[in-house]
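Quick note: numbers below take in every heavy atom, side chains included, and nothing from hydrogens, waters or symmetry partners. Lettering of chains follows the sequences in order, A, B, ..., and the numbering in each one begins at 1.
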Number of protein chains: 2
Amino acid sequence: MSGRGRVPSGQPTIADVARHAGVAVSTVSYVLSGKRAISELTRNRVLASVRLLGYHPNAGARALASRRANVIALVLPLRSGIQVPVVMQFATAVVTSARSHDHDVLLLTSDEGPQGLHRIAAGALVDGVLVMDVELHDVRVPLLRELGRPSVLIGLPADTDGLTCVDLDFHRAGQVCVDHLAGLGHRRVALLGAPAAVYDRGTGFAHRTRAGVVEAAARHGVEAVTMPCEENAAEVHSRVVELFARQPELSGLVVQNEAAVGPVQAALAALGRRVPDDVSVVAVCPDQFAEHASPRLTSVPVPAEEIGRQAVSLLMRKLQDEPTPQVTLLEPRLTVRDSTASATATSAAYDARAAAR
Amino acid sequence: MSGRGRVPSGQPTIADVARHAGVAVSTVSYVLSGKRAISELTRNRVLASVRLLGYHPNAGARALASRRANVIALVLPLRSGIQVPVVMQFATAVVTSARSHDHDVLLLTSDEGPQGLHRIAAGALVDGVLVMDVELHDVRVPLLRELGRPSVLIGLPADTDGLTCVDLDFHRAGQVCVDHLAGLGHRRVALLGAPAAVYDRGTGFAHRTRAGVVEAAARHGVEAVTMPCEENAAEVHSRVVELFARQPELSGLVVQNEAAVGPVQAALAALGRRVPDDVSVVAVCPDQFAEHASPRLTSVPVPAEEIGRQAVSLLMRKLQDEPTPQVTLLEPRLTVRDSTASATATSAAYDARAAAR
DNA sequence: GGACGCTGGCGAAGCGCTTCGACAAACCGT
DNA sequence: ACGGTTTGTCGAAGCGCTTCGCCAGCGTCC
């Protein structure tokens, strides 16, 4: 009789489809995967049955048989102090483009650490791994090298050997900001950067931006001071004060800290420095922030979407054993808005007003 | 010879472990799952082999055989205009607590829509679904009801019949804010709420907070005006101006819009209204924001972590066919910081200064 | 007109795991 | 001393899918 029968799952299986269409199971499989030629006639019969029965292949079975889960892991830095909106944009872009490659996304947090990566990869839950917020000397990098699964890093570790990395070219971004300011005639500029912890942690983008700023400043013969900056209003205020104490004639400011953008504007206002009349501000931050500020900020946006897409597409390529470049750096573009102005036209504005008081 | 052999995967299988430990495959399985009694001796031998070989069960095979993927789906609202940091906190909490229940998290975006939910569920990729940012009349709700997989909603739709929902009690939160202000003697208060689009969309928390504010104000005999508010600085500023135009003696402000918190403070400062001397401000926002503002804000935090944990734990309970309450509302707690003060002590401060000018 | 190559389709062998029933062996009460 | 439990282990049957090898039927080419 029934013997040891288990309860059927309820969902139609490929066998149901095959029976309904009057073909073999393998035929259904080939219709669905397109891996062998199937006559128009048969294909249509099968597809009709699929639709009629509402068939969806069982992911586990498929993964088991094909040795591909069609899932990629996304390791997000869910620690605090991180630029949350950018991360979110990444995540969205990654999910969306993974779907367009017929893959789903498994979310991992950094704090499960290497353990998690190993578990996931060894258990064949995912075919590949996307790691965000990579540090210069990231503990996960050696692990990724010997993981036995393709991986793509978002961010640049010190040693990219044997890896695939994507990121905005933050070095160029720093340069571009200073180029813009210098082009407007500003001779004293400053970088208000990420929180000190981010530099200490050895996060690549912060260091690279700073280097770019410093280098471009030197090239233009412009004085540059750089300073880390925490993300609360009070701290931002005192940093700005400190900046002007160290460099009273400062007229160009690069801000790379989206959380600080608002407070910086408030602090400048409080100090009686008008933007862009007295000081020009360039931000490295998502466009959304730059647009919503007032005045709207000249900015170099972090193209989170595009980086996410690139990362996924590189990973897909690796999944098919195609070769990929070791490092992909996206060219930054600077969008001019209302927070930067020529220095010559207004250079003495603040001093004049100050003297008048 | 080799016949039709495929390449072995490289990873050790349960059979390798069994062989190495000198037991049957099923014994290894029972050791690992704990579903049958196994002698201390055998268990240890097996576990030793597991560690030695670095065995990790194959997720696909496990899912296929056990009909449980040990994965839950998290549907995030990755559209814009959403309170990003809160979402992120949710996600973290969900991932972390899912892991503590031995589950992983698959990330879905709302914009794949009902399609995505269906695909995931029908394909047995996930055992259950967590949906965030549920609207009052959410299109996904009917789908969830007939999905055939357990689900938990974060947020409250209009009709919760047959569902399991968790959320902060925003109605109470609104009340609590007004209670606090009224207790301090403020007689005219205002709610600066979410962007108009959020109300229009029928998002529960916005409406519920407003209702709570209005109700508590009525109870206290306090005048209340409520106003939606976009998230950019300029808009916030004009809203604040408008507020004081409509209600010149306004002395208590409830802000439910984390992105507006900073700008609100800036706007008040710009208008010469000091916090808390002239106007008390209560925010409904993550603690982190409230702490970083200056002055630090009295606030009702959205306990994203706890909601996330609760949601996961409810889902786990459903996965085991245990009954769950239809609606779980978390009690808001108000944290008093530096942005609220007694109205009586300072009520006329602003007017006095204004008159003096 | 027989050897040949294509096309389109079928059958069956797994993929690695869980779980059910069977069954020795050890333990119990009487 | 003997039936009845309990405890610990094993073997084997799938879970639903992919993929390999095979073959029937047909048109082709000397």
Assign A/Val25 to base, sugar-phosphate, or nothing according to its heavy-atom contacts below 4.0 angstrom with the strands shown.
base
What is the separation between atom CD1 on A/Ile38 and atom C1' on C/dC10, rounded to the nearest whole Å?
10 Å
B/Tyr55 OH - C/dG16 C1' separation (whole Å):
7 Å
Under-4.0 Å side-chain N/O to phosphate OP1/OP2 contact, A/Arg67 with D/dT18
no
Which is more 5' along DNA chain C, the nucleotide nearest B/Thr27 or the one nearest B/Gly60? Just name the residue.
B/Gly60
Does C/dG9 have OP1 or OP2 under 4.0 Å away from a side-chain N or O of A/Ser26?
no
How far apart are the closest heavy atoms of A/Asp133 and A/Arg201, and which atoms are they?
OD2-NH1, 4.3 Å
Side chain of A/Asp16, backbone of A/Thr13: donor and acceptor closer than 3.5 Å?
yes
Non-hydrogen atoms of A/Val141 and A/Pro157 that approach each other most closely:
CG2-CB, 4.0 Å
Donor-acceptor pair, distance only, cut-off 3.5 Å: does the side chain of B/Gln326 make one with the backbone of B/Thr160?
yes
Find the distance B/Leu32:CG to C/dG16:P and express it as a whole number of Å.
16 Å
Has A/Lys35 got a side-chain N or O lying under 4.0 Å from the OP1 or OP2 atom of D/dT19?
yes
Need to verify one output field. Residue with the more 5' nearest nucleotide on DNA chain C, B/Ala15 or B/Tyr30?
B/Ala15
Between the base of C/dG21 and the side chain of B/Arg36, is there a donor and acceptor pair under 3.5 angstrom?
yes
Phosphate oxygens OP1/OP2 of D/dT18: is one of them under 4.0 Å from a side-chain N or O of A/Ser29?
yes
If I take atom CG in residue A/Asn70 and atom C1' in nucleotide D/dC17, what distance separates them, rounded to the nearest angstrom?
13 Å
